[in-house]
J.: 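First the structure, which I've put down as structure tokens, then a few questions once you've had a look.
Numbers restart at 1 for each chain; the letters A, B, ... are given by sequence-line order, proteins then strands.
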Amino acid sequence: MQIDIVQIVGLGLIATFLSLIVKEQKPTFAFLIVVFAGCAIFLYLVDQIYDIIRMIEKIAINANVNMVYVETILKIIGIAYIAEFGAQLTKDAGQGAIASKIELAGKILILVMAVPILTVIIETILGLIPSMS
Amino acid sequence: MGVDVNVIFQIAGVGIVVAFLHTILDQMGKKEYAQWVTLLGFIYILFMVATIVDDLFKKIKAVFLFQG
């Protein structure tokens, strides 16, 4: 399904406007409008992202890259997106401390995901170094 | 269109109506009722938003994390 950029920008503008109106009366409702708009925009985009990922996988299969690495990278992108989403929303709601904790959790989980790749890199580098004496 | 955009207007409308009712009930001197109206409106909106957040997380899991 083709999605117009105009629709997404319009959705964002409408959500911003409505949240400004409602914020004077009930700030929590305004926050929920913002959450909804964020989810809606991402759900518009998810089909396109799916196509891009299929393309990357196809290229990786053609290039004989180990699929484990591609999957790890995609998982890292997913974790980064979720963490960013939550952190920005909490920061908007005025809770900077919780936002930093969410970001910290995202970074640590990404590092854990990347451990196998890091191990392979270090082993490769060690293999390149000629053995001492 | 994956999502119903009307829900945004619905949320804003419920917010305005709830604020209106809250003010009127407050003026009538019924503070408890005003609080309950606010709470119920909030739960109703929270339900809608939680549904779509659940949808979003399921999609992210399916696309990026290769589960379900």
J.: Test of understanding: clusters of I, L, V, M, F, W, Y form through side-chain heavy atoms closer than 4.5 Å, transitively. Do B/L39 and B/I11 belong to the same one?
T.: no

J.: Which value, rounded to the nearest 0.5 Å, describes the distance between A/D47 atom CG and B/K59 atom NZ?
T.: 6.0 Å

J.: Would you sort out whether A/L11 and B/I8 count as a side-chain contact (heavy atoms from CB on, under 4.5 Å), showing the intermediate values?
T.: CA-CA 9 Å; A/L11 177 65; B/I8 289 185; 3.4 Å; yes

J.: Could you state whether A/Y50 and A/I73 fall into the same hydrophobic cluster, counting links through intermediate Ile, Leu, Val, Met, Phe, Trp or Tyr residues with side-chain heavy atoms under 4.5 angstrom apart?
T.: yes

J.: Using the rule that Ile, Leu, Val, Met, Phe, Trp and Tyr join whenever any side-chain heavy atoms are under 4.5 Å apart, tell me whether A/F17 and A/V34 fall into a single cluster.
T.: yes

J.: Is the OH atom of B/Y33 crowded by more than 12 outside heavy atoms at less than 6.0 Å?
T.: no

J.: Nearest 0.5 angstrom please: A/L18 CG to B/Q10 CD, how far?
T.: 12.5 Å

J.: Do the ring planes of A/F85 and B/F57 sit parallel (below 30°), tilted (30 to 60°) or perpendicular (above 60°)?
T.: perpendicular

J.: Hey, quick one: are B/F42 and B/Y44 part of the same hydrophobic cluster, counting side-chain heavy atoms closer than 4.5 Å, chains of contacts allowed?
T.: yes

J.: What pair of heavy atoms forms the shortest contact from B/L56 to A/C39, and how long is it?
T.: CD2-SG, 3.6 Å

J.: When rounded to the nearest 0.5 angstrom, what distance separates CZ in A/F31 from CD1 in B/I45?
T.: 14.0 Å

J.: Is it the side chain or the backbone of B/F9 that comes within 4.5 Å of chain A heavy atoms, both, or neither?
T.: both

J.: Mind checking which of residues 20-27 of chain A sit less than 4.5 Å from chain B, heavy atom to heavy atom?
T.: A/I21, A/V22, A/Q25, A/K26

J.: Which bit of A/I76 is near chain B, if near means a heavy-atom gap under 4.5 Å: side chain, backbone, both or neither?
T.: neither

J.: Are A/V70 and A/I52 in one and the same hydrophobic cluster, where Ile, Leu, Val, Met, Phe, Trp and Tyr link if side-chain heavy atoms are under 4.5 Å apart?
T.: yes

J.: Hey, are the side chains of A/F42 and B/I60 touching, using non-hydrogen atoms and a 4.5 Å cut-off?
T.: yes

J.: List the atom of A/L32, the atom of B/V49, and the distance in Å for their closest heavy-atom pair.
T.: O-CG2, 3.7 Å

